[in-house]
Engineer: 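Sending over a structure as structure tokens; questions will come in a sec.
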Amino acid sequence: YILGYLFYWQGWKFNEHTVKRKLSNMRRGFTLIELLTVISVIGILVGTMLVALGGTRSSGRDAKRKGDLESVRAALEQYRSDCKQYPATASVTFGSALTGSCPSSATYMATVPNDPQATTYVYSYTSSGTPPSSYTLCARLEGISATVTGCGSCAGATCNYKVTSP
């Protein structure tokens, strides 16, 4: 009745059959413009989230690098405690075990960790003195642009974080 009144008010001729046919002819679903609008909004949101998460992932890798170097430092200090010197530069290989043979054979670290992005960044270990009495562990952090002195090259880039013997 209400629809009939509206159609009558607008000057259209109709009967009950015409109204039912017009209502049943109406499509159910979304138009192409509505779908494209929703897809573009979702795309913008996903793009924004990926950009925001990129910085979080790099800071997470930087935290892992710092933790890795502290773990290596602890193993080197235990090595020095047993052997009365630090290992030579050539005997510390990242990705391999840190072992010593003084006074008896011991494993100080099962696997000296590699950088989380080993194809792009590497860690650096340098011992100094004869016998080695100090060392420097270096890494390249993604979130810092400053440089530090006394480090070698970190995969062709300048190292910007270092840990030294106490």
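From a predicted model like this one, the values you see are computed outputs, not experimental measurements.
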Engineer: Less than 4.0 Å between a side-chain N and a carboxylate O, is that true for Lys64 and Asp68?
Structural biologist: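 Counted as a salt bridge, because a side-chain N and a carboxylate O are separated by less than 4.0 Å.
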Engineer: Applying the 4.5 Å side-chain criterion to the ILVMFWY set and letting contacts propagate, would Val41 and Phe30 be lumped into a single cluster?
Structural biologist: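 No, because Val41 and Phe30 fall into different hydrophobic clusters, even though each may have its own neighbours under 4.5 Å.
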Engineer: Can any side-chain N or O of Tyr135 pair as donor or acceptor with the backbone N or O of Leu76 at less than 3.5 Å?
Structural biologist: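 Checking the backbone N and O of Leu76 against the side chain of Tyr135, no donor-acceptor pair under 3.5 Å is found.
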Engineer: Between Thr126 and Thr136, is any side-chain donor less than 3.5 angstrom from a side-chain acceptor?
Structural biologist: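 Side chains of Thr126 and Thr136: no pair found under 3.5 Å.
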Engineer: Using a strict SG to SG cutoff of under 2.5 Å, would you count Cys151 and Cys138 as disulfide-linked?
Structural biologist: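 Between Cys138 and Cys151 there is a disulfide, given that their SG atoms are under 2.5 Å apart.
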Engineer: For Thr107, is there any backbone N or O sitting under 3.5 Å from a side-chain donor or acceptor partner on Thr99?
Structural biologist: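 Checking the backbone N and O of Thr107 against the side chain of Thr99, no donor-acceptor pair under 3.5 Å is found.
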Engineer: Verify the distance criterion only: is there a donor paired with an acceptor across the side chains of Tyr79 and Gln85 at less than 3.5 Å?
Structural biologist: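 The answer is no; no qualifying pair exists.
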Engineer: Does Leu69 share a hydrophobic cluster with Tyr86, counting links as ILVMFWY side-chain heavy atoms below 4.5 Å and allowing steps through other members?
Structural biologist: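 Cluster IDs for Leu69 and Tyr86 match.
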Engineer: Is any side-chain heavy atom of Tyr108 closer than 4.5 Å to one of Pro87?
Structural biologist: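 No, every pair of side-chain atoms sits at 4.5 Å or beyond.
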Engineer: So, Arg73 side chain and Ser165 main chain: donor-acceptor pair closer than 3.5 Å or not?
Structural biologist: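 No, Arg73 side chain to Ser165 backbone: no donor-acceptor pair under 3.5 Å.
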Engineer: Quick one: pull up CD in Glu142 and CZ in Arg57 and give me the separation to the nearest 0.5 Å.
Structural biologist: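 Going from the CD atom of Glu142 to the CZ atom of Arg57 covers 9.5 Å.
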Engineer: Kindly write out the residues that satisfy side-chain hydrogen bond (donor to acceptor under 3.5 Å, both in side chains) with Tyr161, not counting sequence neighbours, or none if the list is empty.
Structural biologist: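 Partners of Tyr161 under the side-chain hydrogen bond (donor to acceptor under 3.5 Å, both in side chains) test: none.
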Engineer: Flag the pair Pro113 / Val72 as yes when at least one side-chain heavy-atom distance between them is below 4.5 Å, and no otherwise.
Structural biologist: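 Touching, per the 4.5 Å side-chain cut-off.
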Engineer: Not counting sequence neighbours, which residues clear side-chain contact (heavy atoms from CB on, under 4.5 Å) with Ser71? List them please.
Structural biologist: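 By the side-chain contact (heavy atoms from CB on, under 4.5 Å) rule, Ser71 matches Met109.
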Engineer: Consider only side-chain heavy atoms of I, L, V, M, F, W and Y, link residues closer than 4.5 Å, and tell whether Val122 and Leu141 are in one cluster.
Structural biologist: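 No.
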Engineer: Report yes or no: do Val163 and Tyr121 belong to one cluster of Ile/Leu/Val/Met/Phe/Trp/Tyr joined by side chain heavy-atom distances under 4.5 Å?
Structural biologist: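 The answer is no; the residues belong to distinct hydrophobic clusters.
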Engineer: For Leu45, does the CG atom have more than 12 heavy-atom neighbours from other residues, nucleotides or ligands under 6.0 Å away?
Structural biologist: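 Yes, the 6.0 Å shell around CG holds more than 12 heavy atoms from other groups.
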Engineer: If you look at every heavy atom in Asp115 and Arg65, which pair is closest and at what distance?
Structural biologist: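 The pair with the smallest heavy-atom distance is OD2-NE, 2.6 Å.
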